**Q** 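Quick one: the structure is below, questions incoming.
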Amino acid sequence: MSKTIHVSVAWPYANGDLHVGHLAGAYLPADIFARYHRLKGNRVLMVSGSDSHGTPISVEADKRGVTARSIFEHYHHRFLLTQQKIGISYDLFTHTDTVNHTRIAQDIFTLLLERGFLYKETQQLLYSQYEKRFLPDRYVEGECYICGYPDARGDQCDNCGNLLDATRLINPRSKSHPDERLIVRETEHYFLDLSIFTDRLLHYLDVHEPHWRPNVVRFSRNFVAEGLRGRPITRDIDWGIPVPLEGWDDKRLYVWFEAVMGYLTASIEWAKNTGQPEAWMDWWYNPEAEIYNFIGKDNIPFHTVIWPAELMGIDGIYNGNSPGLSLPYDVPANEFMNIEGRQFSKSRNWAIWLPDILERYQPDAVRYYIAATFPETHDSDFAWDGFFNRVNGELVATWGNLVNRMLSFAWKRFDGVVPVYDTLTEADKAIIARSEEGFEEVGALIEQVRLRDALAACMALAREANGYLDVRKPWSAIKEDPADAARSVYTILRVIDNLNLLFAPFLPFSAQQVHEYLGYDGALFGVQHIESFDEDGRAHEALTLDAAGAIGRWEKRKLHPGQPLREPAALFAKLEPEIVEQERAYLGAPRDEREVVE
RNA sequence: UGCGGGGUAGAGCAGUGGUAGCUCGUCGGGCUCAUAACCCGGAGGCCGCAGGUUCGAAUCCUGCCCCCGCUACCA
């Protein structure tokens with residue numbers, strides 16, 4: 001029976017390029033999962049987008065002396081190109097500065113307010129008369145009121161380690177204008193009253209515990225058990241979504257509050273864009289639908305506690321107040337991927353940027369290494385010698401070589417067609433059966449979001465197939481007993497056909513190539529486009545998926561004897577050992593941001 | 001300071017009371033259609049540290065150390 005699956009992926013801040021951490025934490029696992037379910041024939045909606053708002057974007061804009069909007073538009077465009085290049089197959093990758101997202105975020109605010117889930121509170125915050133704005137704690141320094149250390153940060157003293165209240169600092173000053181004296185000023189903000197949802201959240205966690213990762217459950221339960229405090233959902237800034245209330249023109253919705261709504265708003269936008277405006281409800285008002293949020297570990301409480309609370313608070317929205325709005329079914333949060341043993345750092349350029357490495361390596365090689373080292377159970381490490389070893393030793397040598405050795409053998413010795421055989425031996429039938437079992441075995445692992453194990457299972461099958469060849473030796477048989485060579489070559493091509501589908505969610509580009517080498521026509525997956533959409537005279541760009549022509553299916557293949565093959569070529573480029581040192585030299589060195597080209 | 005996760009051959013991981021395993025790499029041998037796979041064999045671990053329970057501990061208990069996240073604006 002076909003399932004309905006929503007794949008919601010963390011929204012990247014559009015203040016810098018995507019790096020391998022983004023890919024490892026959320027985007028690649030989401031893509032593999034979505035591709036698998038599409039192959040299974042399940043109804044999949046995969047959405048995400050650029051987070052256009054938030055302090056990180058304003059900070060970057062200040063640094064460069066440009067507007068926040070121009071920063072996010074610049075990186076949004078690069079996100080589209082980069083993700084198209086590495087094949088993250090969103091049905092829609094949009095952003096949060098759309099008319100659609102703004103309208104819905106404001107509707108949600110209004111509904112929560114009407115239902116009594118928000119409250120107003122006066123806060124004391126530091127204000128800069130020079131910059132005419134309230135300063136976030138991290139923008140402030142001053143003398144510590146506990147130990148007297150002169151350069152304490154607004155939130156914490158680096159000398160005595162105590163957490164600080166920024167308004168109590170002695171002689172507080174702005175980091176950007178240290179000579180100016182800051183004043184304390186009162187300001188009003190709305191808070192989301194999370195504690196109202198405590199019991200329902202605990203119940204929600206209980207219900208989902210059996211199929212969640214243990215660390216996600218434990219963390220979330222603890223987060224709730226410690227007591228939920230109200231969280232401010234408005235800010236004194238000018239870049240963001242306006243608060244839909246009279247007299248609140250100077251304030252905006254807090255980014256953490258509105259960005260997660262993107263899962264819903266992008267679904268609604270997708271429905272509208274595709275000319276079926278009600279279709280989003282098949283996921284959001286359907287008790288059978290399963291919503292998966294792919295995120296990094298830093299985001300766990302936002303997705304397992306705060307976002308579900310927001311959803312509980314707006315249940316019935318756009319549905320005539322009839323309840324049943326879907327909550328996340330699973331939040332398979334990944335841990336972090338370090339770089340050569342050290343934590344990612346944008347400021348020190350200790351990072352591996354996707355636009356850069358996609359100029360030098362095949363997308364499937366990058367996808368393979370990252371998927372093989374997914375930080376599913378604990379932090380992992382992107383190491384260039386590891387990349388070199390796994391690509392050459394596993395991807396090229398085991399899978400690539402299996403495909404290459406037998407496709408070129410069949411091409412040369414069987415006149416470019418799938419061999420026509422008389423009968424199959426027990427060994428032949430056994431290896432075909434093994435490859436067919438893979439659909440069940442690998443599929444089950446992917447459904448549990450154990451993607452690293454799933455990929456390892458594919459590779460183990462490729463090893464078995466290589467072992468089979470060593471026993472059957474078609475290169476010897478072709479001389480003494482051509483009929484037997486026809487049996488084993490047919491068998492191995494059929495096994496390759498099966499394994500190719502198993503690898504396809506991980507390696508979609510090379511899977512398409514193998515598909516064509518085997519003589520098939522058509523595309524396994526849909527085609528990704530960058531499209532422009534118009535809303536009330538304002539245009540925005542998005543990444544979309546046209547899956548109409550996709551013919552790939554997650555099922556046993558029946559390769560026809562006599563089917564004409566196409567001339568094969570090596571699937572994967574073998575890496576030179578020099579790349580290890582070359583790539584390491586880029587780490588920590590100044591970086592030029594280059595145009596992303598197709 | 002709290003809460004959660006992690007620490008097992010050179011690398012990546014599995015292993016919740018009974019002889020410490022898998023993949024890659026490495027060394028030796030076999031084979032050779034191929035971007036050198038596959039087979040056979042070898043080397044390589046005080047399972048973070050210290051104590052305890054037990055006939056027996058990587059596994060259970062206690063204390064400590066290190067890394068990461070959240071608490072608090074770096075995926």
Side-chain angles (χ1 to χ4, degrees), chain A residues 10-13 15-16 18-27 54-56 58-59 136-139 153-156 161-164 213-223 225-226 229 235 254-256 295-302 333-338 341-347 351 372-373 375-381 383 385-386 388-390 392-410 412-413 452-453 456 459-460 462-471 473-478 485 489 492 569-575:
Chain A
W11 290 51
Y13 274 129
N15 70 332
L18 295 175
H19 54 75
V20 294
H22 288 109
L23 209 55
Y27 310 138
T55 311
S58 303
V59 168
D137 291 348
R138 289 287 169 102
Y139 279 175
R153 294 180 353 221
D155 56 341
Q156 183 172 18
N162 283 295
L163 305 184
L164 303 180
R213 293 186 180 171
N215 58 331
V216 176
V217 174
R218 274 195 283 266
F219 188 94
S220 306
R221 201 186 287 288
N222 191 260
F223 188 89
E226 277 180 354
R229 288 168 295 162
R235 301 226 84 186
Y254 208 147
V255 65
W256 69 258
I295 58 161
K297 66 175 166 182
D298 55 319
N299 252 326
I300 289 173
F302 287 99
N334 269 1
E335 307 283 310
F336 283 172
M337 177 174 266
N338 292 321
R342 287 162 66 182
Q343 201 184 357
F344 161 79
S345 162
K346 191 182 168 191
S347 57
T373 48
E376 288 178 356
T377 48
H378 47 70
D379 288 357
S380 68
D381 195 36
D385 58 351
F388 171 80
N389 285 333
R390 280 190 182 271
N392 279 5
E394 298 174 17
L395 187 61
V396 175
T398 302
W399 171 235
N401 185 48
L402 172 67
V403 171
N404 184 244
R405 66 196 293 210
M406 281 299 115
L407 279 173
S408 50
F409 189 82
K412 280 184 285 196
R413 302 306 194 87
R452 205 177 47 192
D453 290 346
M459 209 40 94
R463 255 177 240 118
E464 282 190 49
N466 274 318
Y468 158 85
L469 283 180
D470 195 54
V471 174
K473 296 186 179 19
W475 47 90
S476 307
I478 192 82
V489 173
I492 199 67
L571 273 187
F572 306 109
K574 194 166 180 176
L575 303 175

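What you see is a predicted model, and the numbers here were worked out from it, not measured in a lab. Just so it is clear: chains get the letters A, B, ... in the order the sequence lines come, proteins before strands, and each one is counted from 1.
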**Q** For C61(B) versus U26(B), give the span between their P atoms, rounded off to a whole number of Å.
**A** 41 Å
**Q** Any strand counts, and the cut-off is 3.5 Å on both contacts for Watson-Crick or G-U wobble. Which nucleotide pairs with C22(B)?
**A** G12(B)
**Q** Roughly how many Å apart are A57(B) and G15(B), using the C1' atom of each and rounding to a whole number?
**A** 14 Å
**Q** Provide the distance between the two P atoms, one in G56(B) and one in G42(B), to the nearest whole Å.
**A** 32 Å
**Q** What's K297(A) touching, base or sugar-phosphate or nothing? Going by heavy atoms closer than 4.0 Å.
**A** base
**Q** Collect all protein-nucleotide pairs involving nucleotides 37-39 of chain B in which both atoms are nitrogen or oxygen and the distance is under 3.5 Å.
**A**
| from | atom 1 | to | atom 2 | distance (Å) |
| --- | --- | --- | --- | --- |
| A37(B) | O4' | N401(A) | ND2 | 3.2 |
| A37(B) | O2' | R405(A) | NH1 | 3.2 |
| A37(B) | O2' | N466(A) | OD1 | 2.9 |
| A37(B) | O2' | N466(A) | ND2 | 3.2 |
| C38(B) | O2' | D470(A) | OD2 | 3.3 |

**Q** Once you round it to whole Å, what is the distance between P of C13(B) and NE2 of H378(A)?
**A** 5 Å
**Q** Does G41(B) pair with anything, Watson-Crick or G-U wobble, both distances under 3.5 Å, and if so, with which nucleotide?
**A** C27(B)
**Q** When the ring planes of F219(A) and F223(A) are compared, do they come out parallel, tilted or perpendicular, using 30° and 60° as the limits?
**A** parallel
**Q** When the C1' atoms of U62(B) and G21(B) are considered, how many whole Å apart are they?
**A** 29 Å
**Q** Starting from P on A75(B), measure out to CD on Q343(A) and report it in whole angstrom.
**A** 9 Å
**Q** Are any of the side-chain heavy atoms of K412(A) and L407(A) separated by less than 4.5 Å?
**A** no
**Q** Nearest whole Å is fine: how far is U23(B) P from E464(A) CD?
**A** 12 Å
**Q** Report which part of the nucleic acid M459(A) touches: base, sugar-phosphate, or nothing (heavy-atom distance under 4.0 Å, all strands).
**A** nothing
**Q** Counting the atoms with a prime plus P, OP1 and OP2 as sugar-phosphate, which does F344(A) contact under 4.0 Å by heavy atoms, base, sugar-phosphate, or nothing?
**A** base
**Q** For a quick check of understanding: with a heavy-atom distance under 4.0 Å over all strands, which category does R213(A) fall into, base, sugar-phosphate or nothing?
**A** nothing
**Q** Rounded to the nearest angstrom, tell me the gap between atom CG in N389(A) and atom P in A11(B).
**A** 12 Å
**Q** What's the gap between A72(B) and U1(B) when it is taken at their C1' atoms, as a whole Å value?
**A** 14 Å
**Q** Take atom CG of N222(A) and atom C1' of G69(B), then tell me their distance rounded to the nearest Å.
**A** 13 Å
**Q** Rounded to the nearest Å, what distance is computed from the NZ atom of residue K473(A) to the P atom of nucleotide C33(B)?
**A** 11 Å
**Q** Taking OP1 and OP2 of C31(B), is either one under 4.0 Å from a side-chain nitrogen or oxygen of S476(A)?
**A** no
**Q** Can you confirm whether V216(A) sits close enough to K297(A) that some side-chain heavy atom of one is under 4.5 Å from a side-chain heavy atom of the other?
**A** no
**Q** Decide yes or no for I295(A) and F302(A): does some side-chain heavy atom of the first lie under 4.5 Å from some side-chain heavy atom of the second?
**A** no
**Q** Relative to the 5' end of RNA chain B, which residue comes earlier, P301(A) or A10(A), by the nucleotide with the nearest heavy atom?
**A** P301(A)
**Q** Would a 4.5 Å heavy-atom cut-off, applied to side chains only, mark M337(A) and D381(A) as touching?
**A** no
**Q** Can you tell me if R221(A) has over 12 outside heavy atoms packed within less than 6.0 Å of its CZ?
**A** yes
**Q** Describe the nucleic acid contact of S345(A) in one word from base, sugar-phosphate, nothing, applying a heavy-atom distance below 4.0 Å.
**A** nothing
**Q** Hey, which of these two, K574(A) or R413(A), hits RNA chain B nearer its 5' end, going by closest nucleotide?
**A** R413(A)
**Q** With a non-hydrogen cut-off below 4.0 angstrom, is L571(A) in contact with a base, only sugar-phosphate, or nothing?
**A** base
**Q** Kindly indicate whether the side chain of V20(A), heavy atoms from C-beta on, has any atom under 4.5 Å from the side chain of F344(A).
**A** no
**Q** Tell me, with the steps shown, if N215(A) and E335(A) meet side-chain hydrogen bond (donor to acceptor under 3.5 Å, both in side chains).
**A** CA-CA 10 Å; N215(A) 58 331; E335(A) 307 283 310; 2.8 Å; yes
**Q** So N404(A) and F572(A), do their side chains get closer than 4.5 Å, heavy atoms only?
**A** no
**Q** Among C73(B), C68(B), C70(B), find the nucleotide with the atom closest to the side chain of P56(A).
**A** C73(B)
**Q** Is the shortest heavy-atom distance from the side chain of F336(A) to the side chain of S380(A) under 4.5 Å?
**A** no
**Q** Remember a base hit wins even if backbone is also touched, and classify G25(A) as base, sugar-phosphate or nothing at under 4.0 Å, heavy atoms.
**A** nothing
**Q** Taking the P atom in each of C67(B) and C73(B), what is the distance between them to the nearest angstrom?
**A** 23 Å
**Q** Measure CZ/R218(A) against P/G5(B) and give the value in whole Å, please.
**A** 4 Å
**Q** Looking only at atom C1', what distance separates U23(B) and U19(B), rounded to whole Å?
**A** 23 Å
**Q** Looking only at side-chain atoms of R235(A), point me to the closest of C73(B), U23(B), G12(B).
**A** C73(B)
**Q** Could you measure between the two C1' atoms, the one in G10(B) and the one in C49(B), and give it in whole Å?
**A** 23 Å
**Q** Picking from C33(B), C68(B), U23(B), which would you name as closest to the side chain of F336(A)?
**A** C68(B)
**Q** To the nearest Å, how far apart are R452(A) CZ and C22(B) P?
**A** 18 Å
